Structure formats: structure tokens, C-alpha cells
Colleague: 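Right, I'll just put the structure down here and ask away after.
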Protein chains: 2
Amino acid sequence: MKNNVTAKDVAKLAGVSQSSVSRVYFEGASVSKKTREKVIVAAKELGYRPNEFARSLITNRTKIIGLVMKGIQNPFYPQVLKEFTATFKKLGYSILFVSTNNDEIQKEDIDMLRNYNVAGVIITDASLSLNVTEDFKESQVPLVLFNRKIDNEQFYSVCCNNLDASEKIAEYLIEKGCSDVAYIAGNANTSTSRDREKGFTSIIEKNNMPFHKYTSDYTYEGGYKTTQKIIAEKKIPDGIFVANDIMALGVVDALRENSIMIPAETKVVGFDNIEMASWPTYNLTTWEQPITKMVEQTVNYLMAEIVEFSGYTENVEVNGELIVRKTT
Amino acid sequence: MKNNVTAKDVAKLAGVSQSSVSRVYFEGASVSKKTREKVIVAAKELGYRPNEFARSLITNRTKIIGLVMKGIQNPFYPQVLKEFTATFKKLGYSILFVSTNNDEIQKEDIDMLRNYNVAGVIITDASLSLNVTEDFKESQVPLVLFNRKIDNEQFYSVCCNNLDASEKIAEYLIEKGCSDVAYIAGNANTSTSRDREKGFTSIIEKNNMPFHKYTSDYTYEGGYKTTQKIIAEKKIPDGIFVANDIMALGVVDALRENSIMIPAETKVVGFDNIEMASWPTYNLTTWEQPITKMVEQTVNYLMAEIVEFSGYTENVEVNGELIVRKTT
DNA sequence: AGGTATTTTGCATACGTATGCAAAATGAAA
DNA sequence: TTTCATTTTGCATACGTATGCAAAATACCT
């Protein structure tokens with residue numbers, strides 16, 4: 001806003017045409033070194049900055065990525081945000097940020113991003129409604145679902161290997177001697193929670209073990225309250241797999257408050273490996289989601305689709321690993 | 001990208017001019033109800049969406065706010081981000097997000113925001129270099145420093161009442177019986193850390209008490225390591241004021257690891273009242289930064305400056321309050 | 001019905017930039 | 001120096017929209 005030095009002003013001062021000024025700022029365009037220098041000197045003197053809107057109007061492209069993030073307060077996601085921002089910055093892309101609390105993205109948020117002609121969209125931990133899905137597929141704007149997948153593979157999604165990971169966690173708890181386990185789920189109907197439950201229960205069932213499932217909401221308070229509820233039932237499991245770390249920390253705190261020894265009486269495993277999981281107070285055993293790899297996968301796909309849209313879709317799973325600490 | 005239905009297409013289908021189509025989408029413009037309905041029906045049929053770039057090119061305005069955020073991993077800032085996003089969304093503004101690790105904002109980040117002609121800029125917990133400052137003042141883009149102030153009041157800043165708060169914390173620790181206290185500072189040269197130290201030391205000195213200052217970096221690890229260092233010196237203070245909560249949690253964990261009883265032997269006070277401070281495991285006494293009020297103050301100023309730029313500057317302080325928990 | 005005031009509409013243009021295309025300039029070889 | 005190939009440049013235009021202004025339409029009053 002307010003700086004109205006144009007390419008025409010620069011051209012006049014440099015003694016060249018507006019086209020030449022434009023060419024100086026357009027990568028790969030044909031412009032002589034002499035002209036380039038004249039333009040740069042003039043531009044600097046006048047404080048010229050190219051107008052991105054005029055550019056985008058002509059090119060029908062932007063260097064903006066829409067990032068729709070649910071649950072920014074879960075410490076997993078600020079780290080994700082940070083890595084996306086840094087990676088896209090290196091590629092010359094900016095982030096148009098939307099925060100949401102909804103499991104399903106609002107049409108108005110998508111409309112906003114579309115109005116700004118974003119080059120691509122990333123949605124973390126949320127899905128799209130049916131009509132928004134249809135609109136999107138028609139639009140040919142590349143989209144990645146991050147930490148959420150859709151079963152019919154309508155879009156490209158990047159997740160940790162939730163199913164496999166949860167099987168391994170179940171096996172690990174069994175190996176550690178657990179015989180009566182519980183699973184504390186996140187928000188209902190999220191692919192992450194469903195897969196984590198599925199993997200876990202398949203192993204538990206295969207071993208003919210008792211199993212209790214509780215539903216919570218991916219928050220510390222949710223984990224804490226659910227654990228208080230479990231304790232009130234007087235049937236304390238000897239192993240609890242919690243669908244994410246922030247919830248698991250609430251579980252740990254509730255168990256401790258009730259003088260339940262961890263891991264001697266009850267073992268706790270989280271999922272994410274957020275920063276707090278490694279704090280000495282918690283020392284949580286958890287499955288690490290490989291953020292860097294997941295971000296990389298997402299960015300690679302988006303960049304490829306931006307360069308040449310193919311509409312290719314896939315559910316990509318990136319392998320994480322079990323981080324064993326003191327809760328097991 | 002890619003949706004090339006224009007106002008001209010809609011106009012043709014609706015049997016009106018492109019101007020009339022434009023007027024339907026421009027608040028307050030003169031357009032009859034009959035024309036409006038014809039346009040809306042046609043627009044819906046064609047899937048028209050106004051092109052924000054063409055608009056901004058004409059109006060020389062956007063509905064984008066640039067938000068430059070340092071240290072997104074400190075749980076204080078995701079909450080700030082969430083509240084800014086929600087508040088600006090209600091006002092029809094979008095967020096162009098920049099994450100930085102630098103104490104001083106990079107010129108390239110500001111250039112990017114300026115190229116997108118943002119309506120205003122918010123910078124959290126970081127300052128501007130001298131030449132960027134000059135550029136900015138000339139640009140007439142409204143700017144707010146959030147949780148950072150500059151002594152010569154070149155910009156509008158919104159902070160918690162750090163000085164006053166720290167005095168009260170010192171008084172509180174004295175009242176609680178402390179006689180040998182320490183202050184653990186955040187990043188050097190930040191106004192928040194400086195003011196928190198200043199307020200604290202002024203009371204401590206007035207009471208002729210011993211005082212030790214340590215410098216850390218506003219991270220959990222920083223707090224943890226600094227405390228290990230303090231403990232290694234064999235002079236454990238009976239009260240520690242820590243410049244922010246995430247650091248204070250590291251302090252608490254380090255004290256515990258060394259079997260130092262909190263608060264019996266050492267009392268700990270943080271600053272922020274992040275979510276983790278209230279967790280039963282920590283139950284940290286802290287000064288609550290009133291995020292909602294600070295966000296509100298920031299948004300009100302920006303909106304006023306966007307409507308009519310005045311260049312008004314001030315260092316605004318919003319009162320927080322002491323939240324007493326189990327560490328004191 | 002006529003006159004006046006107000007509202008609505010379309011025309012023409014501009015916003016700042018990229019780009020197709022032809023002309024001009026440059027470089028290299030004979 | 002001339003010829004040919006390649007690079008560079010400027011002209012003219014378009015991108016999609018908002019807006020100034022005059023004309024047209026509508027509303028209201030006598």
C-alpha cells in the first residue's frame with residue numbers, strides 16, 4: 001500500500017522501456033547486463049518494488065500457499081507450521097494462514113484462499129465437506145491433506161504410518177508385560193485416531209487380551225479427565241496407548257495424582273514426540289511423527305503439481321519410530 | 001488459480017454491464033435489487049469468484065495483515081496466533097504469516113509483505129533494523145510491535161505491564177519470605193526481558209537483598225540448563241523469577257531432579273501463564289499476560305490506522321495479573 | 001401529466017505488469 | 001565489409017476489476 005513507484009517510473013529514469021524493467025525482475029528473461037544494471041540503479045533510487053497483484057493478474061499465478069491448520073495449540077503443530085514456513089520461504093513462497101477449530105474445513109475459508117489464487121493448499125488434521133471437495137477437484141488447485149487421509153484417495157495425503165506404528169506399540173506393550181490395556185482415542189472420525197486404534201486393537205485381539213476404548217479430544221484436559229474417569233471405574237489398565245502426546249501428558253498427570261506408579265503399575269505410550277514428551281518430568285514413551293520428512297513430502301508434491309498439474313493422488317505414509325522413555 | 005470466469009461473463013449471462021456485476025460485490029455501491037438478484041444467479045451458475053488481485057490493483061488496498069512471529073514454539077505464541085486469526089477473520093482480513101528465529105526482522109520478510117501490499121503488519125517479540133525502520137515509516141503501512149517495544153516510540157507497541165508486574169513479583173517473593181533471589185533473563189536485549197529484570201531488581205535493591213542474574217534464551221532447555229548451572233554453584237536461591245513460563249518449567253524440572261523442594265526450599269515464578277503452567281505437574285505461579293486484551297488493543301489500533309492513517313505511535317501496556325499456584 | 005430530485009446504469013478508462021511479435025541491435029563467421 | 005544467426009528491445013495489448021461521469025431510469029410531488 002501507498003508506494004506508487006511503477007515500472008514506468010523506473011523505465012523513464014533508466015532510459016529503457018517498461019518491458020525491460022519487467023524483464024529484469026522476471027527470472028530467465030532476456031535482458032542485457034547493461035540494461036539490467038541501469039534498471040537496478042534506477043529502481044533502487046526510486047524505491048521501486050514490483051506489484052505482486054499486477055503480476056498475478058497477468059500470470060494467473062501466485063507464490064502463495066494456503067495453510068489451513070486445526071488445533072494450533074497442540075505443540076505438534078507449531079513445529080509443523082515452523083517447518084512449512086521455512087521450507088516454502090526457501091522456495092520463494094509465502095503462507096496465507098487459516099486457523100480452524102473445525103474438523104471439516106469451512107467453505108468460507110476455502111473461498112478466501114481461492115480468491116487469492118493460492119498456488120496450493122495444505123490442510124492439517126481436517127477434512128473437506130462433500131461440496132467443497134467437488135469444487136476443489138474442479139479447480140485444479142493442488143491440495144495436500146496433512147495428518148489426515150480420505151479413504152477413497154480423492155486427494156494427496158501425507159501421514160505417519162499410524163496403523164503400523166500402533167501395531168508396534170501394541171506389541172511393545174505386550175512384550176513389556178501388559179495384559180489389560182486401554183486406548184484413549186482422539187476426536188471421533190479422524191483418520192489418525194481411527195488408524196491408531198485399528199492397529200492397536202488388531203494386535204490386542206490377536207492376543208486375546210481385554211481391551212477398553214475411551215474417546216477423548218486430543219487435548220491435555222481430555223487426557224486428564226478421561227484418565228480420572230478410568231480410575232473411577234476401579235479397573236486400572238496396566239497399559240494405556242494414548243492417541244497423541246498432549247493427551248498422554250494429561251493421562252500421566254492424572255495417574256500420578258492418584259498415586260498410580262508409572263510404569264510399574266501402568267505404562268503409558270503417546271504419539272507425536274512433541275517437545276514436552278522429552279522433558280524429565282514426563283519422559284514419555286511415544287511414537288515420533290517424522291515432521292521433517294512429512295513436510296518434505298508435502299512440499300515436493302505441491303511444487304511438482306504447481307509446476308505441472310497432474311491431479312495425481314495418493315495416501316502417503318512416512319515411517320516414524322518408537323522413542324522409548326520412562327513411562328514404559 | 002485456473003478459474004477464469006470473469007465479471008464480464010457474469011454480466012453477459014445476467015444481461016447487465018460488468019460495472020453492475022462489480023457493484024454487486026462492492027459493499028455500499030448503488031445497485032437495484034432486481035439487478036443484484038440477476039447477477040447473483042448468474043454468478044452462482046458460472047461459479048464466479050471475484051479476483052482479489054484485480055481488485056487490489058485498482059483499489060491499492062488489500063484485506064491482508066502481515067503477521068511476523070518469532071518463536072512460534074513457545075506455547076504463548078500459538079495462542080496469540082489463534083486469537084489474531086480469529087479476530088481478523090471476523091473483520092474479513094486474512095493473515096500472511098512469516099515465522100522467524102531472528103531478534104531483528106529480516107528485510108526480505110518485510111519486502112515480501114510490502115510486495116503484497118498488506119493493510120497492516122504485526123511483529124511479535126522482535127524489532128526492526130534501522131534501515132527497515134526508516135523504510136517502514138515512509139511507507140505508511142500501519143505496524144504494531146507485539147510484546148516488544150522500542151524506547152523512542154517510533155511505532156505503536158502493545159505489551160503486558162512488564163515493569164509493574166516484575167515489581168509486584170519481587171514484592172510477592174519478599175512477602176513469601178525470600179531473601180536470596182535470582183532472575184533468569186530471556187534473550188539479551190529484548191524489551192520484555194529488560195523490563196522484567198528492571199522491575200524485579202528495583203524492588204530487590206530497595207530491600208538491600210542479594211541478587212543474582214542469569215541469562216538464558218526463553219526456551220525450556222535454557223531454563224533447565226541455567227538451573228543446573230545455578231545448582232552447581234552451590235548457592236541455591238530461595239526464590240527464582242524466570243522471564244517466561246516455558247523457561248520456568250525447565251527450572252522447575254531441574255530443581256526437582258536435584259531434590260530441591262519447591263516451594264519449601266526454592267520458590268519459582270514464571271511469566272505468561274501458558275497452558276502448561278496450570279497442569280497439575282507444574283502448577284506454576286506466574287504472571288498472566290492478558291492475550292485477549294493485548295490482541296484486542298492491537299487489532300483496534302490497526303483497524304483505525306487502516307481506515308485512516310495517522311501515524312500515531314505509543315507504547316501501550318495492558319495489565320496482567322499474578323496467578324498464584326504451588327511453586328510459591 | 002409534467003417537473004424535479006434521486007437512483008441506477010453503462011461507457012470508457014486506468015490500475016501495474018507480463019508478453020507476443022516485429023524491429024533493432026549485437027556477435028560471429030566468411 | 002557483408003551476411004547470417006541470435007539476442008535484445010520497445011510497442012501495443014490484455015489481464016479482471018473499480019470508478020468518474022454522463023445518460024437513462026425511477027420515484028415522488030404538484
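The basis for the numbers below is simple: all heavy atoms, side chains too, and nothing from hydrogens, waters or symmetry mates. Below, read A as the first sequence line, B as the second, and so on, with proteins coming before strands; counting in each chain starts at 1. Predicted model, so just to flag it, every value in this text is computed and none were measured.
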Colleague: What's the closest nucleotide to the A/F26 side chain, out of C/dG10, D/dC15, C/dT19?
Modeller: C/dT19
Colleague: Could a donor-acceptor pair under 3.5 angstrom be found where the side chain of B/R23 meets the base of C/dG10?
Modeller: yes
Colleague: Check the distance between D/dT13's P and A/Q18's CD and give it to me in whole angstrom.
Modeller: 15 Å
Colleague: Rounded to the Å, how far apart are B/K8 NZ and C/dC11 P?
Modeller: 12 Å
Colleague: Can you name the residues that form a salt bridge (charged side-chain N to carboxylate O under 4.0 Å, His left out) with A/R194, not counting sequence neighbours?
Modeller: A/D151
Colleague: Under 4.0 Å: is that the gap between some side-chain N or O of B/Y48 and OP1 or OP2 of D/dT17?
Modeller: yes
Colleague: If you compare every side-chain N and O of B/S30 against the phosphate oxygens of C/dT8 (OP1, OP2), does one of them come in below 4.0 Å?
Modeller: yes
Colleague: OP1 or OP2 of D/dG10 less than 4.0 angstrom from a side-chain nitrogen or oxygen of A/S17, does that happen here?
Modeller: yes
Colleague: Check every atom of D/dT9, C/dG10, D/dG16 against the side chain of B/V16 and return the nucleotide holding the closest atom.
Modeller: C/dG10
Colleague: Are any of B/S20's side-chain N or O atoms less than 4.0 Å away from OP1 or OP2 of C/dT8?
Modeller: no
Colleague: Measure centre to centre between the rings of B/F97 and B/F84, then say whether the value is under 6.0 Å.
Modeller: no
Colleague: Can you check the B/F53 CZ to D/dG16 P distance for me, whole Å?
Modeller: 13 Å
Colleague: In whole Å, what is the span from the CG atom of B/L57 to the C1' atom of C/dT17?
Modeller: 8 Å
Colleague: Please, which pairs that meet salt bridge (charged side-chain N to carboxylate O under 4.0 Å, His left out) have at least one residue in residues 84-98 of chain B, sequence neighbours excluded?
Modeller: A/E108-B/K89, A/D109-B/K89
Colleague: Take the angle between the ring planes of B/Y301 and B/Y312 and call it parallel below 30°, perpendicular above 60°, tilted in between.
Modeller: tilted
Colleague: Taking CG from A/N115 and P from D/dG16, how many angstroms apart are they, rounded to a whole number?
Modeller: 14 Å
Colleague: Are B/K149 and B/E317 ion-paired here, with the side-chain N under 4.0 Å from a carboxylate O?
Modeller: yes
Colleague: Can you sort out which residues in residues 31-41 of chain A have a heavy atom within less than 4.0 Å of DNA chain C? Ascending by number, please.
Modeller: none
Colleague: Check this for me: does any side-chain nitrogen of one of B/D135 and B/R114 sit under 4.0 Å from a carboxylate oxygen of the other?
Modeller: no
Colleague: Calculate the interatomic distance between A/N60 atom CG and D/dG16 atom C1'; express it in whole Å.
Modeller: 10 Å
Colleague: Could you tell me the separation between the CZ atom of A/R55 and the P atom of D/dA14, rounded to a whole number of Å?
Modeller: 22 Å
Colleague: Closest nucleotide of DNA chain C for A/T59 versus for B/I58: which of these residues is on the 5' side?
Modeller: B/I58
Colleague: Before we go on, tell me: are the rings of B/Y48 and B/Y25 under 6.0 Å apart, centre to centre?
Modeller: yes
Colleague: For A/D9 and C/dC15, give me the distance from atom CG to atom C1', rounded to whole Å.
Modeller: 13 Å
Colleague: Check if the side chain of A/S19 and the base of D/dC11 share a donor-acceptor pair of N or O atoms closer than 3.5 Å.
Modeller: yes
